[in-house]
Structure formats: C-alpha cells, structure tokens
K.L.:
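There's a structure below that I have some questions on.
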Amino acid sequence: MGLFERYLTVWVALGILAGVALGLAAPDAFQIIAGLEIAHVNLVVAVFIWVMIYPMMIQIDWHAVKDVGKKPRGLLLTLVVNWLIKPFTMAALGVLFFKHLFAPWVDPQSANEYIAGMILLGVAPCTAMVFVWSQLVKGDANYTLVQVSVNDLIMVFAFAPIAAFLLGVTNISVPWETLVLSTVLYVVLPLAAGMATRHALGRRSSHAVADFVAKLKPWSVVGLIATVVLLFGFQAGTIVDRPLVIAMIAVPLIVQTYGIFAIGMIGARMLKLPHNVAGPACLIGTSNFFELAVAVAISLFGLNSGAALATVVGVLVEVPVMLSLVALVNRTEHWYRYAPASSGDDLGKENCR
C-alpha cells in the first residue's frame, strides 16, 4: 500500500479543510466552476470522478463478469438493502429526528423540507463512488460492476414511484437527463475506456495491465481528494453560516449510514459471502447518488430550500463516514472466510482471503 492509500483519511481531512478555506477565500471562482454543468451534473466533478474510477474499470475482467449470475447472493443482498430497506429507514429517521427530537429548534416547514431531502438521498443508491469504496476494500471489481449496473437499471423504474410514495407526491418530476447523463458519464464511458485499455495492454504482455494500474493508483486518490475539495468549496459559505442546521441534518444521515451498513454486514454474514463480495455489497447501500438527489430536490423544492440543503449535507458527510466504514470492512476481513459451498452459488476459496 502506497503513501497515498496508507494515509487516505489524513488527505481527505486536509482536502475538507482546504475546500472550506478556498471556498471562503475565492467564492466567485467556485461559483464559476459550479456553473459548469449539464442537467445538474457538474462537469469538473465528473472529470475528477473519471480520474478516480478509470483505473478500477481497467481491472474488470469481462470473462469473469458472465459468471456473476452463478453467485447471486451478494447481488440479492444489495437489492434488498437498497430498495426494500434503505428508503424507508431514511424516511423513518427523518420523521423521528425532525418531527420529534429536533422539533423544538426547527419550524415545521423547514422540518418537512429536511425530511424530503433525506428521503431523496435514501432512494438514490450510489453509482460512481462505489467503485472507489470497492477498490479500497479489495472488492471483486467484476461483481461490483454488476451490482452497480443492476442498481442503475432498477433506479430508472423505481426511483420516482418510491420517492413519490414517501414524499406524498403523486406527480414527482424526475430529471431524467441527470439520471441518464450521470450513468453514461460515471459508468458507461469509463467502463468503455477501461475495456479498450485492458484489451490493448493485454496484447502486450500478461503483466502489462497490473503494471499500468499500479502507476495510475496515486492519480485515483488525487481524483478523490480533488472531488472533496470542490464539494466542500462549493458549500463553504453554508457550512460557516449555518453550522447548527447542518449538524442537525447530519445526525440522522450518519445514523442511517451506519445502520444500513450494519444490516448489510449481518446479511452478508448470514449469507456467508466472501470478503471481496461482502465488502462492496455492504458499502453500495450506504453510499448515495448525490447528483440525482440534489437535482430532484432543486427541481421540486427550489435551490435555497431545506430539501436541497439536506441533500448537500449528505454529500458533505458521505466521504468521511464512508472512509470509516471502509476501515471497518478491512478490519473485519476474518469474518468472511468460509469453506466453499456445494451449490452453484459458491464463490470459491480463491475469492476468500
């Protein structure tokens, strides 16, 4: 493990501080960068996410992807957590905190908007960042790709109905441009680039792919830190001006993240998943598709609404919290060492560490 990976938490913390400081020192510059977007997808952030996930896409072996259907348990866990549990626990926690625990300090209108923003986060499982978390826990890159692809497909059909049900809105407007463009930018294009690169390198030598990925790994971390700097720079003024509100919104979001992760861990243990499938399966449900959630919150409630603020707070707490969960997954690797099963759902000893 290199210097960047070993001290990743330190670099992220420095990135957060740098983002807030730069956002306060040069707000106009960050406003210009924030304006470089299409369908609510910021193009500069998209570039940095590309830098993050491109090395991971190169590692995907398409000959192994076709075998994922023989081992559906990890995929089943991901789908149950993402679509049958997570949206509803997020809504319940929002109501618990803002209708009851925090009610003395929040007016009813703002409380409703904060709850709405949290619901939108809960209904939007992550797309791009999952590849980062998967690599950090030494996850099966092929399996992670399938998990993300199936989730994206379900999101096309399930996001609007579930969000409408939980928000009590019958005519919710989903920005399909954001959903489609994000999927293309964060999955389809980097995957195509990774496939082309892997094919070209594979024709050179058997170790060319591994050598090239090793060279790119530090840039992947640089992409993550740059994304953190931008996200915190965009919201530096809000962080300083409304710290109490942000703290209150962050509490149920953090409780939700750790709670969903715990459910995933328990489920993975019950299903006897190997570590390189259990790790990504637990993390994919805890991370959020913040671009989509922010876009829907703005379109439904307005740019300066409490709902939009809640989705932004979700962005702010995600990276630090997810890094803590990555560390936990890596420390509990010994929980997921199993002898191979006799069924076709066996992943084999070679996948267990």
Side-chain angles (χ1 to χ4, degrees), residues 37 39-42 81-127 151 154-179 182 231 234-235 238-239 241-260 285-318 321:
E37 63 176 31
H40 301 292
V41 176
N42 187 273
V81 170
N82 277 354
W83 299 107
L84 298 182
I85 298 176
K86 183 181 177 182
F88 304 97
T89 56
M90 187 73 267
L93 285 171
V95 171
L96 172 64
F97 278 90
F98 284 101
K99 292 293 187 181
H100 301 283
L101 300 181
F102 294 158
W105 302 283
V106 181
D107 65 90
Q109 177 62 31
S110 296
N112 288 334
E113 292 187 358
Y114 298 152
I115 294 170
M118 288 186 284
I119 287 172
L120 292 174
L121 284 170
V123 188
C126 189
T127 295
N151 266 290
I154 292 177
M155 188 156 34
V156 170
F157 300 99
F159 179 88
I162 295 176
F165 172 74
L166 292 174
L167 292 173
V169 179
T170 57
N171 59 342
I172 184 172
S173 175
V174 176
W176 297 108
E177 300 91 347
T178 302
L179 181 57
S182 295
L231 294 178
F234 291 153
Q235 303 300 326
T238 303
I239 293 171
D241 293 339
R242 306 176 69 181
L244 180 58
V245 172
I246 289 174
M248 286 193 292
I249 296 173
V251 171
L253 291 179
I254 292 173
V255 172
Q256 162 82 351
T257 303
Y258 284 107
I260 289 297
T286 59
S287 192
N288 298 307
F289 190 174
F290 55 81
E291 296 90 353
L292 179 62
V294 171
V296 175
I298 292 173
S299 66
L300 286 178
F301 300 97
L303 180 61
N304 298 315
S305 66
L309 178 62
T311 57
V312 169
V313 175
V315 179
L316 300 182
V317 303
E318 175 162 321
V321 171

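Computation of the quantities below employed the complete heavy-atom set of this structure, encompassing side-chain atoms and omitting hydrogens, waters and symmetry-equivalent molecules. Treat the numbers as computed from the prediction; the structure is a model and nothing was measured.
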K.L.:
Name all residues meeting the side chain to side chain contact (heavy atoms under 4.5 Å, CB included) criterion together with Ala158; count only those two or more places apart in sequence or in a different chain, and write none if there are none.
P.N.:
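Expected list: Trp83, Ile154, Ile162.
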
K.L.:
Is there a side-chain contact between Glu113 and Leu309 in this structure, where contact means two heavy atoms from C-beta onward sitting under 4.5 Å apart?
P.N.:
no

K.L.:
For the residue pair Gly94 and Ile115, what are the closest heavy atoms and their distance?
P.N.:
O-CG1, 3.5 Å

K.L.:
Minimum heavy-atom separation for Ser110 to Val106, with atom names?
P.N.:
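So the two residues come closest at CB-CG1, 3.9 Å.
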
K.L.:
State, to 0.1 Å, how close Pro125 and Asn82 come at their nearest heavy-atom pair, and which atoms those are.
P.N.:
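Minimum heavy-atom separation between Pro125 and Asn82: CB-ND2, 3.6 Å.
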
K.L.:
For Ala116 versus Ala307, what's the shortest heavy-atom pair and its separation?
P.N.:
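For Ala116 versus Ala307, the nearest heavy atoms are CB-CB, 4.3 Å.
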
K.L.:
Go through the structure and list residues passing ring-ring contact (aromatic ring centres under 6.0 Å, His included) with Tyr114, not counting sequence neighbours.
P.N.:
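Once residues adjacent in sequence are excluded, the partners of Tyr114 under the ring-ring contact (aromatic ring centres under 6.0 Å, His included) criterion are Phe98.
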
K.L.:
Excluding sequence neighbours, so at least two apart, what forms side-chain hydrogen bond (donor to acceptor under 3.5 Å, both in side chains) with Asp241?
P.N.:
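Counting only residues at least two positions away or on another chain, Asp241 forms no side-chain hydrogen bond (donor to acceptor under 3.5 Å, both in side chains).
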
K.L.:
Suppose we screen for side chain to side chain contact (heavy atoms under 4.5 Å, CB included). Which residues come up paired with Ala250, at least two apart in sequence or across chains?
P.N.:
Ile254, Val313, Val317

K.L.:
Output all residues satisfying side-chain hydrogen bond (donor to acceptor under 3.5 Å, both in side chains) with Thr257, sequence neighbours left out; order by chain, then residue number.
P.N.:
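Expected list: none.
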
K.L.:
What residues form a side-chain hydrogen bond (donor to acceptor under 3.5 Å, both in side chains) with Glu318, not counting sequence neighbours?
P.N.:
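Checked Glu318 against side-chain hydrogen bond (donor to acceptor under 3.5 Å, both in side chains); matches are Ser287.
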
K.L.:
Do Leu120 and Phe159 make a side-chain contact, defined as non-hydrogen atoms from C-beta onward lying under 4.5 Å apart?
P.N.:
yes

K.L.:
Any chance you could measure Thr286, atom OG1, to Asn288, atom CG, to the nearest 0.5 Å?
P.N.:
8.0 Å

K.L.:
Less than 4.5 Å apart, any side-chain heavy atom of Met118 and any of Leu253?
P.N.:
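Yes. Closest side-chain heavy atoms under 4.5 Å.
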
K.L.:
Under 3.5 Å, is there a donor-acceptor pair between the side chain of Gln256 and the main chain of Lys86?
P.N.:
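Yes; judged by distance alone, with no hydrogens or angles, the pair exists.
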
K.L.:
Which pairs pass side-chain hydrogen bond (donor to acceptor under 3.5 Å, both in side chains) with one or both residues in residues 94-103, sequence neighbours excluded?
P.N.:
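Checked against side-chain hydrogen bond (donor to acceptor under 3.5 Å, both in side chains) - neighbours excluded - the pairs reaching residues 94-103 are Lys99-Asn112.
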
K.L.:
Would you say Trp105 and Leu244 make side-chain contact, with heavy atoms under 4.5 Å?
P.N.:
no

K.L.:
How many angstroms lie between CZ in Phe88 and CD1 in Ile119, if you round to the nearest 0.5 Å?
P.N.:
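Here the interatomic distance stands at 10.0 Å.
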
K.L.:
Could you give all pairs that pass the side-chain hydrogen bond (donor to acceptor under 3.5 Å, both in side chains) test and reach residues 154-165, with sequence neighbours left out?
P.N.:
none

K.L.:
Measure the CD1-CD1 distance between Ile85 and Ile260 for me, rounded to the nearest 0.5 Å.
P.N.:
6.0 Å

K.L.:
Using side chain to side chain contact (heavy atoms under 4.5 Å, CB included) as the criterion, list what pairs up with Leu101, not counting sequence neighbours.
P.N.:
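In terms of side chain to side chain contact (heavy atoms under 4.5 Å, CB included), with neighbours along the sequence ignored, Leu101 is linked to Leu96, Phe97.
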
